[in-house]
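To start, the structure itself, in structure tokens.
By convention in this document, chain letters (A, B, ...) are assigned in the order of the sequence lines, proteins followed by strands, and residues within each chain are numbered from 1.
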Number of protein chains: 2
Amino acid sequence: MNDPLSHTRSKTHMRSVSPPSKQGIAADLIALLVAVNSGDPRVLTIQDQHALPSGPFELAHRSLQSGLRAWVERQTRLPLGYVEQLYTFADRDRIGAADQRVISISYLGLTREQAGSGRHETNWRSWYGYFPWEDHRLGAPPMEKMLRAGLAAWSDEAAERGSRHDRQRRAAMLFGFDGHVWNEELVLQRYELLYEARLIPEALRGDRPSARTTTATVPGDPMILDHRRILATGIARLRAKIKYRPVVFELMPDTFTLLQLQRCVEALAGKLVHKPNFRRLIEQQELVEDTGETSQETGGRPAKLFRFRRAVLAERAIAGTKLPISGS
Amino acid sequence: MNDPLSHTRSKTHMRSVSPPSKQGIAADLIALLVAVNSGDPRVLTIQDQHALPSGPFELAHRSLQSGLRAWVERQTRLPLGYVEQLYTFADRDRIGAADQRVISISYLGLTREQAGSGRHETNWRSWYGYFPWEDHRLGAPPMEKMLRAGLAAWSDEAAERGSRHDRQRRAAMLFGFDGHVWNEELVLQRYELLYEARLIPEALRGDRPSARTTTATVPGDPMILDHRRILATGIARLRAKIKYRPVVFELMPDTFTLLQLQRCVEALAGKLVHKPNFRRLIEQQELVEDTGETSQETGGRPAKLFRFRRAVLAERAIAGTKLPISGS
DNA sequence: TCTATTATACTGATGTTGAGTATAAGTCTT
DNA sequence: AAGACTTATACTCAACATCAGTATAATAGA
């Protein structure tokens, strides 16, 4: 039998291992670091650049994740509790300039916002600054009217009646128009729809300057390259994950009240939850334990302070856990 | 602060865009193609090599996914319905040889097994040949005794009593020992535990020949590099996905009976489902429509032939769907 | 003392899920 | 041709989870 690792074999075979490409491709590790502060989910950006921090993947790194952990912790001194791979992108048309070619391997990391640590060129920004339409905690945001108008105009652009209907239906389903329910997990799909409808500044980058002003774009800060897409991917992933994995606690201080925990979940999910049900699930699943202390900074009756039961990470590192955010 | 990661730029900034690395890194696209045939979930391999087909990512490709689609469809002539990115690996210690460095971007594709199409150097193999312990359709497989013994021995190797207990607990939770429930989605975690316990041939590759024979490994065919890990990732993903997305139909012929559909789901999940409940959910969710025809090849009462209602892809491309496989 | 605010405990309706049973309509065996 | 066997299909019931609402407790501030 042939040695599958050898580089010298028949050309008619599908290859099991690639020989090193003639032209090497660069690989970047991109970090989406999330913290929650006073009801605001924030991401670490490079100051005034609207860019996510990134570093190259190098031969010295043992693995992708360890490479990421290494440079993030060294540069920011943030304690990275939870880290997971998000997605790998390499779209030629999505990075603005057509000549470079980079593979972007993005990671999501959860941490606590810490003042005065790490480099000062970095900044924590609310993710709703980039995605104002994703915050439904106070009901549909005011700017939704603009979204709706822009998407309606885009639908009307379609040539056939069938595809016009199709666009309308997709917009309605994703954004919860016309009696459709708002599903907070569809962050990426909504962003991609707006991109397709050219309501997102990033989508207009390839245009010639003369053509740029024809369409009005929607509120929400753009980012460099396809970083806003990575952010959308991360928000979607996190909103899905908090429902069945106890990852919220990575974002909480050591002790907290149940309302604080609830506010954190609501900040991430972008929608409010039913208080009694939230408490019931948290307690019934024994995710937290009483510290015996109380917090009087609530403005009302003092609240018990709880602490995450670290033991659950061992008990159900695997099996699962539920947070009460209505499924659909 | 020193930045050992940067080659060229100011030492005080985190970078937002990498300059092309001096030393290019090769990127491979690895395809995990799945089909189900007569109750057997199969993966496309390169003949006699126990390797997944792969191809290099090239500058000509518009995106990673389109690159993959292009060469898979060209080389195999398989209709790739559903394709999704699995994971990106680049672990130095997991590819056998320490000198090469490749980023592997793996994709999962669903298709129907077709005879005589494409290259003949390829082969469909049951995935349970690689993961015999994952098939619980007839209850726990006989080889589970070996697994259990091997894991027990590994637990006993631990120095402290605490880590001994920890190992035992992890093994029990993942494999469903001691009253723990079997969770079919934990394919990857189980594989990684066996790898850590050195019960998997792939884990012994770095060893010196003299040390190799000390441990007995567990049944199940090994694959080259870390391809078996990619397979584990794909099985896990698919087992999770069929529960809330109508992807099973990508694996079915145009018309089918409800029992055929059930057998397909069971083949993927590796466990049996309750027939009445399965039918109830399928019909109540209007995933299928009656063709008016019947199949008499059942051996009993003729069964109605159904067809997937393609409309649901538009209706809930997004919203979700449920298949009845007990959650935990 | 009254009011506003938050914490905490309980209740009922509704929906989902898991499991069991009964009947129908064919094939196969003798 | 009768009976056994196999598969299809329809229905029922209990357990449990989820959603929404209400009631009471304990603090701060007017």
Salt-bridge criterion met for Arg125(B) and Asp40(B) (N-O under 4.0 Å): no

Residues which pass side chain to side chain contact (heavy atoms under 4.5 Å, CB included) with Pro79(A), listed by chain and number, not counting sequence neighbours: Thr111(A), Gln114(A)

5'-most by nearest nucleotide on DNA chain C - Arg280(A) or Lys304(A): Lys304(A)

Ile282(B) CD1 to dT17(C) C1': how many Å, rounded? 15 Å

Within 45° cone of Phe177(A) ring axis and under 6.0 Å: Arg148(A) NZ or CZ: yes

Atom CZ of Phe278(B) to atom C1' of dT7(D): distance rounded to whole Å? 16 Å

Could you tell me how far apart Leu259(B) (CG) and dG26(C) (P) are, to the nearest whole angstrom? 17 Å

Any side-chain donor near an acceptor of the partner, Glu250(A) and Tyr82(A), under 3.5 Å: no

With heavy atoms under 4.0 Å as the rule, sort Lys322(B) into base, sugar-phosphate or nothing. sugar-phosphate

Over how many whole Å does the gap from Gln260(B) atom CD to dT9(D) atom C1' extend? 16 Å

Determine the interplanar angle of the Trp182(A) and His136(A) rings, folded into 0 to 90°, and report it as parallel if under 30°, tilted if 30 to 60°, perpendicular if over 60°. parallel

Expressed in angstrom and rounded to an integer, what is the separation of Gln296(A) atom CD from dG29(D) atom C1'? 15 Å

Which nucleotide in dA25(C), dT9(D), dT18(D) has an atom nearest any side-chain atom of Leu281(A): dT18(D)

Relative to the ring of Tyr191(B), is the ring of Phe131(B) parallel (under 30°), tilted (30 to 60°) or perpendicular (over 60°)? perpendicular

Without decimals, in angstroms, what is the distance between Asp290(A) CG and dA7(C) P? 14 Å

From the candidates dA7(C), dA8(D), dA25(C), the one with an atom nearest any side-chain atom of Thr257(A) is dA7(C)

Is it true that Lys243(B) and Glu185(B) make a salt bridge, defined as a side-chain N closer than 4.0 Å to a carboxylate O? yes

Dump every N/O contact between nucleotides 20-24 of chain C and the protein below 3.5 Å, one line per pair.
unit_1	atom_1	unit_2	atom_2	d
dG20(C)	N7	His274(B)	NE2	3.1
dA24(C)	N3	Arg301(B)	NH1	3.0

In this structure, how many angstroms lie between the P atom of dA25(D) and the CG atom of Leu258(A), rounded? 20 Å

Between CD of Gln284(A) and P of dA9(C) the distance, given in whole Å, is 13 Å

